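Each remark here refers to the structure printed beneath this line.
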Protein chains: 2
Amino acid sequence: MATIRDVARAAGVSIATVSRVYADSPAVSEESTRRVLSAGARLDYWPNAAARSLTTSRTGALGVLLPDIHGEFFSEVIRGIDQAACTESFQVIVSGSHAHADALVSMGRSLRGRVDGLIVMAPDEACTPAIAQLARSFPIVLLNCSASCDSCDSISIANFEGAHTLVRHLLSLGHRRIAIILGPAGNVDAEDRRQGYRAALREAGIEPDSALEFAGDFSESSGYVAADALLRHASGVDAVFATNDCMAIGLLSALQDRGTHVPTDVALAGFDDIAVARYLNPPLTTVRVDAFQLGQRAVSLWLAHRQDRSVERGPVREVLPVRLVVRGSCGWRPSAGVGKADSLRERAVPARSRAGVVPFGAAGDQPLSSGMPAP
Amino acid sequence: MATIRDVARAAGVSIATVSRVYADSPAVSEESTRRVLSAGARLDYWPNAAARSLTTSRTGALGVLLPDIHGEFFSEVIRGIDQAACTESFQVIVSGSHAHADALVSMGRSLRGRVDGLIVMAPDEACTPAIAQLARSFPIVLLNCSASCDSCDSISIANFEGAHTLVRHLLSLGHRRIAIILGPAGNVDAEDRRQGYRAALREAGIEPDSALEFAGDFSESSGYVAADALLRHASGVDAVFATNDCMAIGLLSALQDRGTHVPTDVALAGFDDIAVARYLNPPLTTVRVDAFQLGQRAVSLWLAHRQDRSVERGPVREVLPVRLVVRGSCGWRPSAGVGKADSLRERAVPARSRAGVVPFGAAGDQPLSSGMPAP
DNA sequence: TGGGATGATGTAACCGTTTTCTCAGGCCTT
DNA sequence: AAGGCCTGAGAAAACGGTTACATCATCCCA
């Protein structure tokens with residue numbers, strides 16, 4: 001592999017000149033530039049990234065630490081990050097499966113000199129100290145983290161508002177005894193959604209009943225299992241809010257296995273709006289989270305952060321709005337008569353589906369929060 | 001940030017000793033090791049990756065170049081790669097959206113000194129020269145590429161066999177006039193699937209009819225659009241093979257919009273077995289591709305390649321087996337009476353679903369190819 | 001007791017860049 | 001014509017590690 005010296009020799013200039021040409025520095029004559037580029041092309045030369053970042057102490061790369069890159073939610077987050085990073089000529093180093101704090105710290109460590117900063121997603125509260133540790137070495141943006149470190153910007157999902165709006169919608173349809181399938185203990189998303197659920201009930205004059213709160217862990221099978229407890233303990237349940245779509249799917253299957261019909265016997269709603277949701281039978285009412293945008297915004301935040309690192313200011317905390325997506329599983333029906341073809345068209349033409357997902361300008365069509373940085 | 005010199009000073013040793021301790025070199029006394037590690041911990045030191053890779057000319061990172069990281073297929077590939085790389089202590093640098101050859105080359109360039117090698121996925125034939133160019137700088141494993149470069153190992157999907165088996169299955173159900181929705185022009189997966197389709201027809205004594213081959217581009221909307229042409233041009237079609245699941249979904253929606261019932265009016269099958277497939281109504285018969293394993297195997301191949309780089313040998317070409325997944329959309333029904341609960345349980349319990357996907361030991365349950373390296 | 005083997009450690013060159021000086025030469029000003 | 005100022009280019013010092021080689025005890029055995 002050709003080095004800067006080979007090119008300098010071939011072009012009859014010094015290495016400094018070659019360096020300047022490849023760094024787009026000014027003050028290189030046209031003649032020199034031409035000769036350097038031609039020699040470089042001939043030798044298939046390109047500056048070595050490691051050497052470059054050693055002197056500049058910039059790497060042009062961004063690390064992404066995720067708990068587990070399973071499922072489409074993460075894939076969309078990564079896509080958003082990659083897209084945003086790419087337009088700023090940043091490379092993305094992804095690493096999944098950082099369930100526990102130790103892995104987080106050791107990963108951050110081995111990224112020293114390899115990235116300029118980190119986007120960290122660790123929804124488990126137990127990771128808070130690990131994140132504080134990492135923040136001493138890197139500028140970090142927290143993605144959907146429980147931790148709120150003073151030196152980190154963060155972006156998260158409007159979990160509370162989403163759950164709150166969803167439950168209010170269920171209430172508006174006349175449901176009173178509304179159960180919830182919880183997420184994993186210690187997961188901040190899950191907890192916020194529960195709080196939104198409770199708040200909506202209280203506002204409707206209903207005291208939350210812990211007997212209606214069933215365990216779950218965001219997996220499809222935990223939703224399936226919850227059905228038994230649900231049917232056994234609380235026969236009078238009108239509606240169920242599964243705190244994510246996977247569990248809603250498991251629950252739906254279990255209910256159908258047991259001859260319970262959705263939505264006539266019991267209404268069902270989820271959270272996330274994964275791709276499958278609209279294809280279920282009945283299609284699932286849920287809350288849409290724009291994972292792609294979440295990733296994009298995280299990068300924007302990070303770029304902004306590093307720009308004005310000198311400027312003294314508190315951490316920026318951004319909340320990504322979500323929106324209610326009303327479909328058949330909660331028993332809602334349009335008052336005006338609408339043909340079957342319309343609802344099917346939503347599924348068929350991607351370009352139109354975004355607008356069509358919330359049918360007929362239903363109440364949930366507005367963003368739930370502004371998406372602006374909060375103090 | 002502390003450097004090796006800071007630690008050496010604090011521990012009262014030379015930088016060589018510190019280096020040796022962090023590189024797990026032998027021949028460092030216990031006493032020195034203890035003092036170095038303690039000083040290192042106190043100063044929060046960790047070797048700088050850029051500096052290290054500059055001297056060793058190893059980076060401990062693996063680049064992954066993908067055409068577009070949209071959808072769950074890619075997310076699974078990345079997960080497989082990350083998982084396999086992680087167990088070998090390799091970092092993964094992902095980059096998506098390399099639709100055209102130029103982007104591929106310039107990306108590879110900027111990865112100089114940043115990765116030890118590349119896993120490249122570029123199903124478009126036009127990228128072949130770009131790949132050859134990259135292969136001069138890096139050890140590369142090709143993922144599902146049309147290009148077959150002499151110095152690259154490659155792994156791909158058994159597209160031909162999958163399509164062949166699927167179409168044979170359709171034939172065995174009595175379908176004779178079987179249409180196909182093609183993929184994008186120049187896409188090697190799409191082309192191989194078409195060849196498998198044609199071969200199966202010929203073996204059954206049916207001459208492939210180009211009037212039954214409809215354009216498509218792997219997108220849901222192109223499947224939707226294909227329905228019109230299909231219904232107009234070829235009223236006597238028994239069955240349709242959409243060369244991926246997305247198009248099958250679009251097609252299914254369009255057919256339902258037009259009052260055509262699947263599978264009674266026309267049978268339908270896809271390819272890929274994306275997560276949505278089993279939740280469609282009717283559930284989609286398709287060919288399962290294990291994207292996770294595809295990613296894992298690519299890394300294994302790459303690791304093996306770099307181990308015996310000195311050894312002279314031809315390129316390894318591995319083909320990942322696929323398998324037929326029979327569901328309701330092609331009109332197949334079990335001869336024995338089976339209750340509804342069974343088919344629903346497949347959907348509900350993930351742990352069982354793998355075994356349950358091919359119901360009742362149907363013909364397609366065996367792998368279609370051995371997965372061993374071919375000469 | 002001397003000398004070679006052994007084992008722990010230190011010295012210094014090197015990896016491939018960037019960047020700060022320094023310098024030469026040409027041009028403008030006075 | 002002399003001095004000051006630009007402009008382009010080169011020399012050399014980092015950057016933070018690794019590692020070949022040198023050094024120096026120590027120990028063992030002849």
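Here the structure is a predicted model, which means the values were calculated and not measured. A, B, ... follow the sequence lines: proteins, then strands. Residue 1 opens every chain.
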Tell me what A:A27 touches on the nucleic acid: a base, only sugar-phosphate, or nothing, going by heavy atoms under 4.0 Å. sugar-phosphate

Determine the minimum heavy-atom distance between B:V105 and B:A130, stating which atoms define it. CG2-CB, 3.7 Å

From CG of B:D6 across to P of D:dG16 the rounded distance in Å is 9 Å

What integer distance in Å separates B:R9:CZ from D:dG17:P? 12 Å

Where is the tightest heavy-atom contact between B:A8 and B:S14, given as atom of each residue plus distance? CB-C, 3.8 Å

Residue whose closest nucleotide on DNA chain D lies nearer the 5' end, A:A16 versus B:Y22: A:A16

5'-most contact on DNA chain C: A:R52 or B:S14, nearest heavy atom basis? B:S14

Do A:N144 and A:V188 make a side-chain contact, defined as non-hydrogen atoms from C-beta onward lying under 4.5 Å apart? no

Distance-only donor-acceptor test (3.5 Å): side chain B:R20, base D:dG17: no

With sugar-phosphate meaning primed atoms plus P, OP1 and OP2, does B:S19 contact a base, only sugar-phosphate, or nothing at under 4.0 Å between heavy atoms? base

5'-most contact on DNA chain C (nearest-nucleotide basis), B:G12 vs B:L54, goes to B:G12

In whole angstroms, how far is the C1' atom of D:dT18 from the CZ atom of B:R58? 10 Å

Closer than 4.0 angstrom, basic N to acidic O: yes or no for A:D6 and A:R9? yes

Determine, for B:E31 against B:R35, whether the closest basic-nitrogen to carboxylate-oxygen distance falls under 4.0 angstrom. yes

Ignoring hydrogens and angles, tell me if any N or O in the side chain of A:W302 forms a donor-acceptor pair with the backbone of A:P139 under 3.5 Å. yes

Between D:dA13 (P) and A:I15 (CD1): distance, integer Å: 12 Å

So what does A:Y45 touch, heavy atoms closer than 4.0 Å: a base, only the sugar-phosphate, or nothing? sugar-phosphate

Please answer whether the main-chain N or O of A:D116 pairs with a side-chain N or O of A:T59 as donor and acceptor at a distance below 3.5 Å. yes

Looking at every strand, decide which applies to A:V28 at a 4.0 Å heavy-atom threshold: base, sugar-phosphate, or nothing. sugar-phosphate

Do A:L303 and A:F90 have side-chain heavy atoms sitting under 4.5 Å apart? yes

What is the separation between atom CZ on A:R5 and atom P on D:dA12, rounded to the nearest whole Å? 13 Å

Is there a side-chain polar atom (N or O) of B:S53 under 4.0 Å from OP1 or OP2 of D:dG17? no

Have a look at B:S25 and say if it touches a base, only the backbone sugar-phosphate, or nothing, with a 4.0 Å heavy-atom cut-off. nothing

Is A:S32 touching bases, backbone alone, or none of the nucleic acid, heavy atoms closer than 4.0 Å? sugar-phosphate

At a heavy-atom distance below 4.0 Å, which nucleotide of DNA chain C is the first touched by chain B, and which is the last? C:dA8 to C:dG16

Just N and O in the side chain of A:S29: are any of them under 4.0 Å from OP1 or OP2 of D:dA9? yes

Round to the nearest Å and state the distance from A:I4 atom CD1 to D:dA11 atom P. 13 Å

